[in-house]
2 protein chains.
Amino acid sequence: MDGMTQDISTKDQRPYHHGDLHRTIVEAALDVLSESQSTEFSLRELARRAGVSHNAPYKHFTDKRELLGAVSAVGFELLAKRMAEATRELDSPRERLAAMASAYVCGGVNNPALYRLMFGGYLAGQDDGRPAIERTAAYNMKALVVEAISDGALGRPIADTEANTRTIDGAILVFWSQMHGLTLLLADRLVGPGDKTKELTANVLQGMLDGLVNSIPAVPEGVWVGPPLAG
Amino acid sequence: MDGMTQDISTKDQRPYHHGDLHRTIVEAALDVLSESQSTEFSLRELARRAGVSHNAPYKHFTDKRELLGAVSAVGFELLAKRMAEATRELDSPRERLAAMASAYVCGGVNNPALYRLMFGGYLAGQDDGRPAIERTAAYNMKALVVEAISDGALGRPIADTEANTRTIDGAILVFWSQMHGLTLLLADRLVGPGDKTKELTANVLQGMLDGLVNSIPAVPEGVWVGPPLAG
DNA sequence: CGAGATATGTTGACATTGTCCACTCTAGCA
DNA sequence: TGCTAGAGTGGACAATGTCAACATATCTCG
C-alpha cells in the first residue's frame, strides 16, 4: 500500500496541468537567452526544460516571435526597475540622471543578447509593431529621464509642459542615442574592456550633459523620441 | 539535329563549375538580407538562387556563420566607401566629419539588417572573434575620422601622435557611440520618422561637436576604441 | 600529352526545428 | 453528474544545417 501510493506520488508528481506554464516558459527562455547569448534557441528546448511536451508552449504563445516579445517585455521591466532603484537616495537631479544612465548601460552590457532583443528590431516587422507592454515599459523609462530633466538635471529646471516638448525630446534624443550607442559598442566589444564600463559611461555622460547644459539641439516638428504611439 | 544541339546548349548552358560561386553567394546573401531584413534566410535558398545544389556553398564557406562574416565585411567596405566619397569636394575638416557622420547614419538606416549584422555581435562568439577583413574595414573607417580630427575638425588640429592617442580615442568614443546609437534608434524606429534622418543627424552632430570643442572626455588607460587588435 | 591530384558540384542522408492536426486529460460549471 | 473548454500529448510534415560519399572539371607535373 505504502509502496503503491509512493509510486504514484513520485511518478505522478507532475500533474497533467502544469499550473503556470506561461511564466515557466518565459523564465526558461530568459535563462537560455542569458546563457547562450543568442535568440536561436528552440521552443522545443524550452519545453524540455519545463518538462512538458514539445507542443505545450503553443497553448500559450502562437509563435516563437510572440514568446520573444514576452521575453523582451520582461527585459524592459527589469531595466526600468534597475534604473529606478539606482536613483534611490540620490537628490541631485544630475546625479539621478547619471545613475540612471549607468544602470542602463550596465544592464545592457551584462546581458547583450537580451538588450539586443529588446532594441534590435527582431520584432520590427513592418506590419504589427511591438507588443503594447513593450511600449509601455519604454515609456516608463522615458518618463524617468524626463523627470530628471524637468527637475533640473541640465542646469535649469525644464518643466514637462507641452511648450517644452521639443526641447526635452531634443535632450533625450542626445542622451538616449549616446547611451544606446555606448551600450552596444561595449556589448559588442568594439570598445572595451568591459570592466571599464562604469568609468567610460561616467566620462562620456559628463561631457554630454555639459554640452546639453550649454545648448540643446532642436528637434524638427513631427519627430518622435521613443516608440511611436500609433501602431 | 538542330533540336538536339539546341537542347544541349540551352540545358547545359551552365557549366559544371560555376566560375565564381563565392562572390555569387555573397551577393545573393546581400540581396536576400536587404530584401527580407533578416539574417534568418537559408543557405539552401541562396544555393537555389545561384542555381546550384544545396551543398555547393559549403565548398566556399564552412558555415553559415562564415558566410555572414563575409557579408558583414562587404558591408563595412561599402560603408567606408560611402563615407570616403561623402567627403569629396569638402575642405573644412568639420564639414568633412559631418559629411562622414551623415553618410554613416544614412547607410545604417537604409539597410538596418546589414548594419545590425555588422555591429550586432552575431559573430561575437567568445572564441574566435571577427574575421580579419572586418577588423581592417573598421579600422579604415576609424582612420577617416582620425584624419578629420587631426586636421582640426574639433576646432584645433590634434596631431595623430602617440601622445594624443587618449584624447583622440576619447573624441572618437563620443562621436562613434553617438552616431551608432542614433543610427540604431532610427533603424529600429524608436526615433523617427525616417525622412528626418539627415536633419536629426546634423542637429545632434553639431551639438556634439560643439561639446567636444570645449572638452574631450578622458579615456582611461587600457581602453580600446575599435575592434581589439589581438584576437 | 596524359594521368593523378585538387577544387568544385551533386546526391543522399540525418537529426533538429517550427508548426499543424487530431487526440486526451482534467478542472470547473450546469 | 456529466459536459465543455482549456491545457497537454503524440504524430506528422516540410525545411534547414550539416555530414559523407560520389562525380566532374581543371591544374599540375612527369
Side-chain angles (χ1 to χ4, degrees), chain A residues 7-9 11-29 31-33 35-72 113 117 122-123 125 127-128, chain B residues 8-29 31-33 35-72 113 117 122-123 125 127-128:
Chain A
D7 257 334
I8 289 174
S9 64
K11 254 192 174 175
D12 212 337
Q13 204 171 18
R14 185 179 312 115
Y16 188 87
H17 284 90
H18 177 285
D20 197 357
L21 228 202
H22 188 102
R23 179 184 310 276
T24 303
I25 290 287
V26 171
E27 281 172 4
D31 287 349
V32 176
L33 179 72
E35 289 164 17
S36 71
Q37 285 297 305
S38 161
T39 54
E40 288 180 346
F41 53 79
S42 69
L43 280 202
R44 287 160 114 107
E45 160 84 14
L46 302 186
R48 261 172 250 136
R49 289 206 178 199
V52 293
S53 90
H54 69 244
N55 253 331
Y58 280 87
K59 300 292 170 176
H60 300 269
F61 308 94
T62 72
D63 226 296
K64 188 180 180 184
R65 225 181 170 67
E66 191 172 297
L67 198 222
L68 288 176
V71 173
S72 168
L117 173 63
Y122 184 97
L123 13 172
D127 42 353
D128 51 352
Chain B
I8 289 175
S9 65
T10 48
K11 254 192 176 177
D12 211 337
Q13 203 171 19
R14 185 179 312 115
Y16 189 86
H17 283 89
H18 176 285
D20 198 356
L21 229 202
H22 188 102
R23 178 183 313 276
T24 304
I25 291 287
V26 171
E27 281 172 4
D31 288 348
V32 177
L33 180 73
E35 288 164 17
S36 72
Q37 285 297 306
S38 160
T39 54
E40 287 180 347
F41 53 80
S42 70
L43 280 201
R44 285 161 117 108
E45 160 83 13
L46 302 185
R48 259 171 254 136
R49 289 206 178 199
V52 109
S53 90
H54 68 221
N55 252 332
Y58 280 87
K59 300 293 169 173
H60 300 270
F61 308 94
T62 71
D63 225 86
K64 188 179 181 184
R65 224 181 170 67
E66 191 172 297
L67 197 222
L68 288 176
V71 174
S72 168
L117 173 64
Y122 184 97
L123 11 172
D127 41 354
D128 51 351

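The sequence lines fix the lettering, A, B, ..., with proteins before strands; numbering per chain opens at 1. Only heavy atoms go into these numbers, but all of them, side chains included; no hydrogens, no water, no symmetry mates. Here the structure is a predicted model, which means the values were calculated and not measured.
Within residues 22-29 of chain B, no residue has any heavy atom under 4.0 Å from DNA chain C.
As judged by a 4.0 angstrom heavy-atom cut-off over every strand, B:K59 is placed among the base-contacting residues. Heavy atoms of A:F41 sit under 4.0 angstrom from primed sugar atoms or phosphate atoms, though from no base atom.
A straight line from CD of B:E66 to P of D:dG17 spans 15 Å, rounded to a whole angstrom. Between the C1' atom of D:dC19 and the CG atom of B:D63 lies a distance of 13 Å, rounded to the nearest Å. For A:E45 and C:dG18, the CD to P distance is 10 Å, given to the nearest whole Å. Between B:L43 atom CG and C:dT16 atom P there is a gap of 19 Å when expressed in whole angstrom units. Atoms OH (A:Y58) and P (D:dA12) sit 18 Å apart, rounded to a whole Å. In this structure, B:L21 places its CG atom 16 Å from C1' of D:dT26, rounding to the nearest Å. Atom C1' of nucleotide C:dT10 and atom CZ of B:R48 are separated by 15 Å, given to the nearest angstrom. When rounded to the nearest whole Å, the span between CZ of B:R65 and C1' of D:dT18 equals 15 Å.
Pairing each heavy atom of A:I25 with each of A:F61, the nearest pair is CG2-CE1, 3.7 Å. In terms of heavy-atom proximity, A:D31 sits nearest to A:R49 at CB-NH1, 4.3 Å.
B:F41 is linked by a ring pair (Phe, Tyr, Trp, His ring centres under 6.0 Å) to nothing, counting only residues two or more places apart in sequence or in another chain. With sequence neighbours excluded, the residues that form a salt bridge (Lys or Arg N to Asp or Glu O under 4.0 Å) with A:R48 are A:E45. When the salt bridge (Lys or Arg N to Asp or Glu O under 4.0 Å) test is applied to A:D20, the partners found at least two apart in sequence or on another chain are A:R23. Annotation: side-chain contact (heavy atoms from CB on, under 4.5 Å) contacts of A:E40 (sequence neighbours excluded): A:S38, B:Y122.
Contacts classified as side-chain hydrogen bond (donor to acceptor under 3.5 Å, both in side chains) and involving residues 50-62 of chain A (residues at least two apart or in different chains) are given here: A:T62-A:E66.
Toward the 5' end of DNA chain D, the nearer of the two residues A:R44 and A:S53, judged by each one's closest nucleotide, is A:S53. Mapped onto DNA chain D by nearest heavy atom, A:A56 and B:N55 fall at different nucleotides, with A:A56 at the one closer to the 5' end.
Using a 4.0 Å cut-off, no side-chain N or O of B:H54 falls inside it from OP1 or OP2 of C:dG9.
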